[in-house]
Amino acid sequence: MVLQELTAFYSIYLSSGIGSKRLLAMYDYFGSAEIAFRASSSQLQNVPGLGKTLAKDFVESRQKAKDSAEKQLDNLPENVRVITYYDNEYPDQLKSIYQPPAILFVTGNTALLRAQRNLAIIGTRKMTDYGKRTTKDLCKEFAKHSIVITSGFASGIDTCAHEAIFDAGGETIAVLGSGINVLYPAGNKTLAKKIDRIGTRRNYFRITP
């Protein structure tokens with residue numbers, strides 16, 4: 001998605017009361033995020049799930065959302081990619097759930113999102129020794145069978161899974177739950193660079209100007 005279209009898409013995403021489901025409905029109705037963003041209140045009312053009140057509220061607040069979107073995208077960390085529902089990198093399996101997210105914030109090789117063998121490992125931030133040991137043992141086996149590990153980059157089990165699959169010679173990708181402008185936990189900066197460095201040998205997502 002080119003930068004101008006992505007900015008409009010992300011601006012709608014950040015708008016109060018919209019959310020992923022309505023954002024996708026707006027995009028599908030107008031065929032373009034830019035057109036949807038500029039639409040009048042009367043035009044927006046025709047979008048399924050929007051209605052008169054939400055349409056009016058969106059029009060009144062969209063400039064503020066756009067200012068925030070532009071600022072965040074201008075300061076996008078070099079190791080974070082933005083994948084929208086309409087990008088080729090977006091995984092088909094995720095599209096099949098009831099309410100798929102409109103945007104993914106990713107660190108690593110985005111091609112791994114569509115790997116045939118992809119397994120999510122997520123868990124508590126306060127892991128036990130047993131949890132840590134089990135995660136490491138599982139990742140060793142997954143690496144042997146070329147299973148990609150997707151996790152959320154949080155502390156605890158998530159971080160353990162990312163590190164364990166690396167140690168076992170496998171591949172991993174992080175889908176960030178904190179958004180594009182916050183790296184959490186901050187202590188994972190080194191891990192983020194490692195995931196990104198290995199991922200960029202194969203695939204590097206750039207926003208098209």
Side-chain angles (χ1 to χ4, degrees), residues 1 6 10 13 20 72-73 75-207:
M1 189 174 285
L6 176 61
Y10 191 41
Y13 178 83
S20 288
Q72 290 188 33
L73 291 172
N75 293 283
L76 184 71
E78 64 177 0
N79 60 332
V80 176
R81 329 282 188 260
V82 182
I83 306 297
T84 77
Y85 181 90
Y86 301 97
D87 289 322
N88 292 332
E89 295 91 344
Y90 196 99
D92 290 333
Q93 302 98 314
L94 197 57
K95 288 184 177 181
S96 67
I97 69 173
Y98 176 62
Q99 288 190 5
I103 296 180
L104 300 177
F105 309 109
V106 177
T107 288
N109 176 8
T110 58
L112 295 177
L113 290 171
R114 297 176 60 86
Q116 186 174 8
R117 292 184 173 187
N118 197 323
L119 181 68
I121 294 183
I122 55 175
T124 180
R125 295 181 180 181
K126 297 181 180 180
M127 63 181 174
T128 62
D129 289 339
Y130 171 77
K132 182 177 182 179
R133 185 171 62 253
T134 300
T135 300
K136 289 183 175 182
D137 289 343
L138 288 172
C139 285
K140 287 180 182 178
E141 293 303 312
F142 295 146
K144 291 178 183 178
H145 298 281
S146 300
I147 296 175
V148 174
I149 297 301
T150 300
S151 197
F153 205 64
S155 56
I157 291 296
D158 292 28
T159 295
C160 180
H162 288 306
E163 293 178 336
I165 197 72
F166 267 139
D167 292 343
E171 293 185 297
T172 185
I173 186 168
V175 178
L176 311 178
S178 54
I180 64 175
N181 59 339
V182 180
L183 180 61
Y184 182 85
N188 272 359
K189 287 183 179 180
T190 300
L191 177 60
K193 290 179 180 179
K194 185 177 181 181
I195 292 175
D196 185 62
R197 184 174 64 252
I198 293 177
T200 53
R201 294 173 186 169
R202 306 172 179 85
N203 170 273
Y204 199 97
F205 174 82
R206 288 289 191 185
I207 297 172

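The figures here come from the full heavy-atom set of this structure, side chains too, leaving out hydrogens, waters and symmetry mates.
Applying the 6.0 Å contact sphere to CD of Gln99 captures more than 12 heavy atoms from other residues, nucleotides or ligands. Around CG of Asp92, the count of heavy atoms belonging to other residues, nucleotides or ligands within 6.0 Å exceeds 12. For Leu94, the CG atom counts as densely surrounded, since its 6.0 Å shell holds more than 12 non-hydrogen atoms of other residues, nucleotides or ligands.
Distance CD1/Ile173 to NE2/His162: 9.5 Å, rounded to 0.5 Å. With rounding to the nearest 0.5 Å, the separation of CG in Asp158 from CD in Glu163 is 11.0 Å. A distance of 12.0 Å separates CG of Leu6 from OH of Tyr13, quoted to the nearest 0.5 Å. Between atom CD1 of residue Ile149 and atom CG of residue Leu138 there is a gap of 8.5 Å, rounded to the nearest 0.5 Å. Note that the CZ atom of Phe142 and the CD atom of Glu171 stand 15.5 Å from one another [nearest 0.5 Å]. In this structure, CD on Gln93 lies 11.0 Å from NZ on Lys95, to the nearest 0.5 angstrom.
Annotation for Leu112 and Asn118: closest pair O-ND2, 2.8 Å, computed over non-hydrogen atoms. Nearest approach of Ser151 to Ile122, heavy atoms of both residues: OG-CG2, 4.0 Å. Across all non-hydrogen atoms, the minimal contact from Arg114 to Glu89 is CG-O, 3.4 Å. In this structure, Ser20 and Ala102 approach most closely via the heavy-atom pair OG-N, 3.0 Å. In this structure, Ile121 and Cys139 approach most closely via the heavy-atom pair CD1-SG, 3.9 Å. Residues Thr172 and Ile165 come closest through the heavy atom pair CB-CG2, 3.3 Å.
Between the side chain of Arg81 and the backbone N or O of Thr110 there is no donor-acceptor pair closer than 3.5 Å. With Thr134 contributing its side chain and Gly131 its backbone, the two residues share no donor-acceptor pair below 3.5 Å.
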Residue pair Asp137, Arg133: steps toward the side chain to side chain contact (heavy atoms under 4.5 Å, CB included) verdict: CA-CA 6 Å; Asp137 289 343; Arg133 185 171 62 253; 3.9 Å; yes

Full working for side chain to side chain contact (heavy atoms under 4.5 Å, CB included) between Val106 and Leu176: CA-CA 6 Å; Val106 177; Leu176 311 178; over 6 Å; no

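Partners of Tyr85 by ring-ring contact (aromatic ring centres under 6.0 Å, His included), not counting sequence neighbours, listed by chain and number: Tyr90.
Within the 4.5 Å cutoff, side-chain heavy atoms of Leu113 are placed close to those of Val175. Between Leu73 and Tyr10 the shortest side-chain heavy-atom distance falls below 4.5 Å.
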